[in-house]
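Structure record follows, encoded as structure tokens.
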Protein chains: 2
Amino acid sequence: MSTTRGARERARAEVTAAIKDEARRQLAAEGAAKLSLRAVARELGMVSSALYRYFPSRDDLLTALIVDAYDAVGAAAETALARQPAHAPQPARWTAVCRAVRTWALAHPHEYALIYGSPVPGYTAPMATVGPASRVGRALVSVARDAHRGNGLAVPPLPAALSDEARRITEDVAPDLPPPVVAALVAAWSQLFGLVSFELFGQFNRVVEEREAFFDHAATTLAHAVGLIDGRPAGPAPGGDST
Amino acid sequence: MSTTRGARERARAEVTAAIKDEARRQLAAEGAAKLSLRAVARELGMVSSALYRYFPSRDDLLTALIVDAYDAVGAAAETALARQPAHAPQPARWTAVCRAVRTWALAHPHEYALIYGSPVPGYTAPMATVGPASRVGRALVSVARDAHRGNGLAVPPLPAALSDEARRITEDVAPDLPPPVVAALVAAWSQLFGLVSFELFGQFNRVVEEREAFFDHAATTLAHAVGLIDGRPAGPAPGGDST
DNA sequence: CCAAGGCAAGAGCAGTGCTCTCGTTATTGG
DNA sequence: CCAATAACGAGAGCACTGCTCTTGCCTTGG
């Protein structure tokens, strides 16, 4: 069934994948700014104009790479979380996600820069990116959700100016969590990428040397900021004090 | 001395400034990727090759803009801090610096992206940028230093894996502060830019709407994370607990 | 006053994104 | 089964880019 009309479509899918692969290669090698349609075509043995049959413009090719990158870092976060034992302490589950993001970023710096660095030229993210872009955030939310089901989460209350906004965000992303926790989650989410970006973009040069230890500590602090506490992950008694 | 031989040098300085101004205009209008030497020269009524008498390459022009941008955001942070009344509560002084950074970033998004977004092509920051790049960090440190002189700063102890590193960083940036505070400062420094970058680069689209209120709250939380506490700024009694 | 050097101008090279046209080739409807 | 149709690759070409080199002008220092 797919072979009948597939002969052509399969070839098209293969060429499309080959273009993306070569583009990703150039992206990893030289960065997004030096990604050249002509060079991709040249490397693939075709002429540049032929490439426009597959991607209407350079920006569309970049968008495809962006979506893939969001998916890749999201998948890395999710599998890191899935690999955590079910009874692992909540801060450990949290930092596992954080470390997965950092590890992926260090392994794919240019792809990371593509999605979490400056948006390219006059580029505004198409709708196709919003789903994949939220995977890391959802992984972080799910850690908090599990902890909330377990022994509860305690974060300071919100200022009045934020209560409506926090309620609104809560309904969108995690209706089963208390709004103060969701607000802390969103902040921690962005701050996690602040840590990774500063390391990757060189702001830590000549400042932080032991990057991994520093990151682990900061990620653990973020875990505490969203209310995750050390101790039993699913203890039904939330009155435990670990000071 | 600069006035004597200034006739020619002054003209050179003026042209250099005009080039940078026009380049900054194009940067603000279209972003770093579309900044074109030829367009700058065209707008200034000169031919592109003449511009190379002033900047040896496009990257050098960009570097000049980067240094200026670091200086601009650093100056914004410093004046915001200087405008704070001497007896303002420490968290207020902290958030004043944070808000100044955010305000500057919102007013100069492309310049912000230039320094805190993805580093351009294969670009590695020249030494000339390290001084200006640390001005915001130094402003944050000085808030902590004042608070430390006042009523002390209380942050959780560091894990053993970080104690040496934290001591080293402390000697470099703030020998008069306790290492755990310095570690928290560096983390908060990067996390502050995580917040700003996520807002500016669109990650908060369809998530956070009340950006200013959210940012203020997150910045205040960061202030607490580095040990700044509400209350009198210079009270000699550090025994206050605000849990 | 005159040589020397900084300077603008222009041509030119190699590269880019993108468009258009032109045969060819594969798919599909009659 | 064959013809109409759509997809496709190739090539030329346009407007643009960063950058280099050469050629003269013109201010400046001796």
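Residue numbers start from 1 in every chain, and the chains themselves are labelled A, B, ... in the order their sequence lines are given, proteins ahead of strands.
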Separation of [N] [atom2] from [X] [atom1] (nearest whole Å):
X       : N      : atom1 : atom2 : answer
A:Leu51 : C:dC18 : CG    : P     : 11 Å
B:Leu37 : D:dC19 : CG    : C1'   : 9 Å
A:Gln26 : C:dT16 : CD    : C1'   : 13 Å
A:Glu43 : C:dG15 : CD    : C1'   : 16 Å
B:Glu30 : D:dC16 : CD    : P     : 14 Å
A:Arg10 : D:dC8  : CZ    : P     : 15 Å
B:Asp59 : D:dT17 : CG    : C1'   : 14 Å
A:Lys34 : D:dG18 : NZ    : P     : 13 Å

Exercise for the section: Select base, sugar-phosphate, or nothing to describe what B:Phe55 touches, counting heavy atoms under 4.0 Å on all strands. Expected result: nothing
Exercise for the section: Tell me what B:Leu35 touches on the nucleic acid: a base, only sugar-phosphate, or nothing, going by heavy atoms under 4.0 Å. Expected result: sugar-phosphate
Taking the side chain of [X] as heavy atoms from C-beta outward, which of [options] is closest to it?
X       : options                : value
B:Arg53 : D:dC8, D:dT20, D:dT22  : D:dT22
A:Ser49 : D:dA12, D:dG9, D:dC19  : D:dA12
B:Tyr52 : D:dC8, D:dC19, C:dA8   : D:dC19
B:Arg38 : D:dG9, C:dG17, D:dC19  : D:dC19
B:Val47 : C:dG17, C:dA9, C:dC18  : C:dA9
A:Ala50 : D:dT22, C:dT16, D:dG9  : D:dG9
A:Arg42 : D:dA10, C:dG15, C:dC18 : C:dG15

Handout entry: Ring-ring centroid check A:Tyr70 A:Tyr116, cutoff 6.0 Å
Key = yes
Handout entry: Test: B:Arg138 and B:Glu78 ion pair at under 4.0 Å
Key = no
Exercise for the section: Run the salt-bridge test on B:Arg168 and B:Glu165 with the 4.0 Å N-O cut-off and return the result as yes or no. Expected result: yes
Exercise for the section: Return the minimal non-hydrogen interatomic distance between B:Ala32 and B:Arg58, and the atom names on each side. Expected result: O-NH2, 2.7 Å
Practice task
Tell whether B:Arg12 reaches the base of C:dG6 with its side chain through a donor-acceptor pair below 3.5 angstrom.
Solution key: no
Problem - Pairwise 5' ranking along DNA chain C for B:Ser48 and B:Val15, keeping only the more 5' one - result: B:Val15
Problem - Between B:Tyr112 and B:Ser197: side-chain donor-acceptor atoms closer than 3.5 Å - result: yes
